[in-house]
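Structure, as structure tokens:
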2 protein chains.
Amino acid sequence: MNILEKITQNKAVFSKSERKVADIILAHPQTAIHSSIATLAKMSDVSEPTVNRFCRRLDTKGYPDFKLHLAQSLANGTPYVNRHVDENDGPQEYTNKIFESTMASLEVARQSVDVNIINRVVDLLTQAQKISFFGLGASASVAHDALNKFFRFNVPVVYFEDVVMQRMSCMNCTDGDVVVLFSHTGRTKSLVEIAQIARRNDATVVGITSQDSPLANECSYVLSLEVPEDTDMYMPMASRIAQLTLVDVLATGFTLRRGNKFRENLKRVKDTLRDSRYDKPD
Amino acid sequence: MNILEKITQNKAVFSKSERKVADIILAHPQTAIHSSIATLAKMSDVSEPTVNRFCRRLDTKGYPDFKLHLAQSLANGTPYVNRHVDENDGPQEYTNKIFESTMASLEVARQSVDVNIINRVVDLLTQAQKISFFGLGASASVAHDALNKFFRFNVPVVYFEDVVMQRMSCMNCTDGDVVVLFSHTGRTKSLVEIAQIARRNDATVVGITSQDSPLANECSYVLSLEVPEDTDMYMPMASRIAQLTLVDVLATGFTLRRGNKFRENLKRVKDTLRDSRYDKPD
DNA sequence: CACCAAATGTAGTAAAATTACAACTTTGAT
DNA sequence: ATCAAAGTTGTAATTTTACTACATTTGGTG
């Protein structure tokens, strides 16, 4: 919470001398954060303990702590918030808004994600005989991306866009198989059915989806991402990005679990790509 | 300027003990701002003057002043720094690092992107007779995602994973067609060839790629994204996310340009999906 | 106007940060 | 290999800063 606002609000509660301090701080906040308690006391024409009491009244531990809060409030730059795009926005505005909203959503997602489940899922993936990634619509491209990442790990990976192929693939699942399903809403019927089929065939089903959704209920493990989606645009945007970041997290966890030698392997995969590319200059 | 980034950047300049301090601060910035110099010194296993010297090296007046800067950086909109994943990181650490690095990269991307070109590309897209999205490897999923978005707009969209199909598709290009190519490096041979083919057939080629790369040189318009990629993992991560966000920006620009009535249309597309989903409770 | 409670200040104390200097490492040149 | 010089780090003393306990003042009330 912004401490400058708090000072203005609580002004009525302050005593006479405390108000002097408040006035000085509100008038010269930049000076205040660089002053010692003695200097500020002199500026406000009160004693040092009064300044100290003033700080405590604002629920800070003391003067240094108060300065910290003040400094934070003064820090320029609005923290990223979900700002919705407006009809009259120009390119500069909507570009900034979308980048900022995406970052804000990632922050929310980061805080909502359960690390223990991530750890558990990484466990599963490293031990899996076969990993399948499925998603539909916007989530199809996330599954596609997961395929690309895990394919480099030299583990059997499966990815289909086609629902029928997805079903068939799940029919053939066995004990050590892991099926990862992506869906923002968790309400896509075909995907829920796929989860059921996979589970019936003893596969472990990991859902990257909304908590308490129909899909979540069919999964062995649910990695839920709470992402506020801007519904004005009628398109999934931030949810997708959060899912992809989670894929990165899982892939990273995977490589870390596999250790150093494995990473050498990844380097080789990357080096092989070199032939398909034009050389870098310098 | 964000002091956390400054610490990361100057890490090479620091002495051994100073680096100890840097590590502790980067690992626990929130703890650091609430610690005294003695506590921080003990945590870092160095002496108090070392901490003080560390602060001065970062152009602050001393420890309290440094804390102020740190507090501001933490409160500031961009508390995110590109922190590389370390071999010994646990799930909590690598999850946070990846989310934060992704956000940091988005911030860099946002600042590097040229709004005028975005505007110009949106122009092109709204007037295009046919839009094609192509990418290979990790960028294939980005193209896939773009397909999904623009398909909703009821414009002819084309997407292929297969290089041969991509080439054939570009062979058939005509005047009003726009080909959008995704490639982080801009050095993938097949994709550069596709750009050439498309241009030879009068299509406008938009490259979402690195500046001054072979691909960029073949494009009519280049939307360059400067994204620092963590090469330790040997996988494209942040670059992809930045590209996707750019797709969101373009899609948003597209819908805004088309106006209100068009947005009604999008809503209808979304509503049609409802039948493929389980109803939401409440 | 005398009393009490709240507010404020004074002086002493504790804590924190900084300085000066000494010991120890590293580097490079002979 | 040896030594000097430069750079790094720690110890101890000093200074600055913040806090506490207590005394004084102020303002309001019976």
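Residue numbers begin at 1 in each chain, while the letters A, B, ... track the order of the sequences.
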message = Within residues 16-31 of chain A, which residues have any heavy atom lying less than 4.0 Å from an atom of DNA chain C?
response = Lys16(A), Ser17(A)
request  = Would you give the length of the straight line joining atom CG of Leu68(B) to atom CD1 of Ile33(A), rounded to the nearest 0.5 angstrom?
outcome  = 5.0 Å
key: Steps toward salt bridge (charged side-chain N to carboxylate O under 4.0 Å, His left out) verdict (Arg110(B), Glu107(B))   = CA-CA 5 Å; Arg110(B) 177 172 78 106; Glu107(B) 176 61 29; 3.0 Å; yes
request  = Report the distance from atom NZ of Lys42(B) to atom P of dA16(C), rounded to the nearest whole Å.
outcome  = 11 Å
request  = Give the C-alpha distance, both sets of side-chain angles, the deciding distance and a yes or no for salt bridge (charged side-chain N to carboxylate O under 4.0 Å, His left out) between Arg120(A) and Asp123(A).
outcome  = CA-CA 5 Å; Arg120(A) 191 77 197 85; Asp123(A) 263 348; 3.7 Å; yes
ask   = Between dG9(C) atom C1' and Ile37(A) atom CD1, what is the distance in whole Å?
value = 13 Å
note = Between OH of Tyr63(A) and P of dT17(D) the distance, given in whole Å, is 10 Å
query = Any sub-3.5 Å donor-acceptor pair from Glu18(B)'s side-chain atoms to Ser15(B)'s backbone N or O?
reply = yes
key: Smallest separation among heavy atoms of Thr209(A) and His184(A), with atom names   = OG1-O, 4.0 Å
ask   = Separation of Lys67(A) atom NZ from dA17(C) atom P, in whole Å?
value = 11 Å
query = With Ser44(B), which of Asp23(B), Ile24(B), Thr50(B) fulfils side-chain contact (heavy atoms from CB on, under 4.5 Å)?
reply = Ile24(B)
request  = Check every atom of dT9(D), dC19(D), dG9(C) against the side chain of Val46(A) and return the nucleotide holding the closest atom.
outcome  = dG9(C)
Atom-to-atom span, CD of Glu48(A) to C1' of dT17(D) - whole angstrom = 8 Å
Nucleotide nearest Pro49(B) when distance is taken to its side chain, options dA12(D), dA7(C), dT10(C) = dA12(D)
message = Which label fits Phe14(A) and Phe54(A): parallel for a plane angle under 30°, tilted from 30 to 60°, or perpendicular past 60°?
response = tilted
key: Atom pair distance, as rounded to whole Å: CG in Asp65(B) and C1' in dT17(D)   = 15 Å
query = Do you know the tightest heavy-atom contact between Asp59(A) and Lys6(A)?
reply = OD2-NZ, 3.5 Å
inquiry  = I need the residues from residues 50-61 of chain A with at least one non-hydrogen atom less than 4.0 Å from DNA chain C; give them sorted by number, or say none.
reply    = Thr50(A), Arg53(A)
query = Got a sec: does the NZ of Lys61(B) have more than 12 other heavy atoms crowding it under 6.0 Å?
reply = no
